[in-house]
> 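Pasting a structure below so you can have a look.
Scope of the values below: all heavy atoms of this structure, side chains included, with no hydrogens, waters or symmetry mates. All figures in this text were calculated on a predicted structure; none of them were measured in a lab. In what follows, every chain begins at residue 1, and chains take the letters A, B, ... in the order their sequences are listed.
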Amino acid sequence: MDAVTLLNWYDAHARAMPWRVPPRSNHRADPYFVWLSEVMLQQTTVAAVKDYFVKFTTRWPSVHDLAAAADEDVMAAWAGLGYYARARNLLKCARVVADAGGTFPDTEEGLLTLPGIGPYTAAAIASIAFDLPAVVLDGNVERVMARRHAVLDPLPDSKETLRALAARHTPTIRPGDYAQAVMDLGATICTPRNPACGICPWMSECEGRMAGLAAELPRKRPKKAKPTRLGTAYLARHPNGATLLETRPPKGLLGGMLALPTTDWSDAPVAAPPLDADWQIVGEVRHTFTHFHLILTVATATATSIPERGGWVENADPNDLPTVFAKAFRLGASAM
DNA sequence: AAATCGTGGCA
DNA sequence: TTGCCAAGATT
């Protein structure tokens, strides 16, 4: 059986990660750790997640600790990791679970009802934390299945086909190890570019490789070009050292995060400084989001007046802000 | 159902 | 420099 081949490979080559229990362990990973790591890993690389995972679990060792945390502390701790709706939903989910006694649901259906847990994450927690034969379908599994079975239709059209193929491979023995094994295979051998087919445990049964198509699968629909938007960020400092910051609206881009006051971001941004001062343009920051480029002019001023929006923050730390603002903050501060 | 939502690394 | 991509969820 294909799954056994893959499990044998995983027994020898599983990557060590802070949230992972080694294969053939006689105990399972803590559902809290599995959930936290899976949410952090949504659209995010293992390398980027590691330090954040350690930081979160050191500061909040249980779901009860996280549920009791202040919103602004969790958002600041998440700053830099991106997709900030994940952090907002993380807190909502922690509080639901904590209120229910601190135990995560042990079924896919139960997990799916929680904020921030979708089809992939529910299946991942069910398999990895509870060893249930859930069908885990992430970008790795999509790629592995598209190659293994030479699926030529482009994503996302082929998604349900790939899911059915993934289901066919999912074993009833060691499903948790299997889920992590397929994803490790996709991350280390069946990679997006230059797949290492020569050392793949599924080399001999891979239809994509036999057809000479492995490296170009899965096919994807072309993406839209990103427009460029303009804006200005304002760094105001009080003579006492405080920095003018504001919390962004709870939804939308960078929602709920601490930020520098800015104009809107558009073709013709409306300049509305947060307070009246002698603003000096000190440079610009270029930053690319998921669906647009941003050129952000950075203006600085020293001021003491009452701001029209935001508030003075002592000992402000750029690391508590989303990366785009951290860049603008550092540039402005270095120019004052 | 297509759009929205971050960031850093890599070729 | 630019585009692609990563353990997706939500609306």
> From the list B:dC5, C:dA7, C:dA6, which nucleotide is the closest neighbour of the side chain of A:Leu253?
B:dC5
> May I ask you to evaluate whether A:Lys220 reaches the phosphate of C:dA6, defined as a side-chain N or O under 4.0 Å from OP1 or OP2?
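Yes.
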> Measure the spacing between OH of A:Tyr10 and CG of A:Asp177 and express it to the nearest 0.5 Å.
5.5 Å
> Check whether the side chains of A:His291 and A:Lys226 place a donor and an acceptor atom closer than 3.5 Å, and report yes or no.
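No, because no side-chain N or O of A:His291 sits under 3.5 Å from a partner of the opposite role on A:Lys226.
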> Using the closest heavy atom to pick a nucleotide of DNA chain B for each, name whichever of A:Pro156 or A:Ala48 lands nearer the 5' end.
A:Pro156
> Verify the contact: side-chain N or O of A:Thr290 to OP1 or OP2 of B:dA3, cut-off strictly under 4.0 Å; return yes or no.
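Answer no for this pair, as no side-chain N or O of A:Thr290 is under 4.0 Å from OP1 or OP2.
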> State whether A:His287 places a side-chain N or O below 4.0 Å from either non-bridging phosphate oxygen (OP1 or OP2) of B:dG6.
no
> The criterion is salt bridge (charged side-chain N to carboxylate O under 4.0 Å, His left out); which residues satisfy it with A:Lys159, sequence neighbours excluded?
A:Glu142
> Figure out the NE2/C1' separation between A:His293 and B:dG6, and round it to whole Å.
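Computing the A:His293:NE2 to B:dG6:C1' distance gives 14 Å.
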> Report yes if a donor N or O on one partner sits less than 3.5 Å from an acceptor N or O on the other, where the partners are the side chain of A:Thr44 and the base of B:dG8; otherwise report no.
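For A:Thr44, whose side chain was compared with the base of B:dG8, there is no donor-acceptor pair (under 3.5 Å).
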> Which is true for A:Arg143 with a 4.0 Å heavy-atom rule: it touches a base, it touches only sugar-phosphate, or it touches nothing?
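A:Arg143: backbone/sugar contact only, no base atoms under 4.0 Å.
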> Side chain of A:Phe289, heavy atoms from C-beta onward: which of B:dG6, C:dA7, C:dC5 has the nearest atom to it?
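Minimum distance to the A:Phe289 side chain belongs to B:dG6.
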> Give me the distance, rounded to whole Å, that separates C:dA7 from B:dC5 when you measure between the P atoms they each carry.
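Comparing P positions in C:dA7 and B:dC5 gives a spacing of 23 Å.
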> Look at the side chain of A:Trp19 and decide which nucleotide, out of C:dA7, C:dC5, B:dT7, has an atom nearest to it.
C:dA7
> Verify the neighbour count for atom CD of A:Glu308: are there more than 12 heavy atoms of other residues, nucleotides or ligands below 6.0 Å?
no
> For a ring-ring contact (aromatic ring centres under 6.0 Å, His included) check, start with the C-alpha distance between A:Phe289 and A:Phe292, then their side-chain angles and the critical distance, and finish with the verdict.
CA-CA 5 Å; A:Phe289 293 96; A:Phe292 66 93; 5.0 Å; yes
> Closest nucleotide of DNA chain B for A:Thr45 versus for A:Lys224: which of these residues is on the 5' side?
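On the 5' side of the pair lies A:Lys224.
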> Taking only the side-chain nitrogens and oxygens of A:Thr121, find out if one of them lies under 4.0 Å from OP1 or OP2 of C:dA9.
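Yes, such a contact exists.
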> From the list C:dA7, B:dG6, C:dC4, which nucleotide is the closest neighbour of the side chain of A:Tyr83?
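That would be B:dG6.
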> Closer than 4.0 Å, any side-chain N/O of A:Gln43 to the OP1 or OP2 of C:dG8?
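Yes, such a contact exists.
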> When you get a sec, tell me which of B:dT7, C:dG8, C:dA6 is the closest nucleotide to the side chain of A:Gln42?
C:dG8
> Where each residue is assigned the nucleotide of DNA chain C containing its nearest heavy atom, which of A:Leu112 and A:Ile128 is assigned the position nearer the 5′ end?
A:Ile128
> Indicate, with a heavy-atom threshold strictly under 4.0 Å, whether A:Thr323 touches base, sugar-phosphate, or nothing.
sugar-phosphate
> Determine the Euclidean distance between corresponding C1' atoms of B:dG8 and C:dT1; express it in Å to zero decimal places.
16 Å
> Is A:His291 near enough to B:dA3 that one of its side-chain N or O atoms lies under 4.0 angstrom from OP1 or OP2?
no
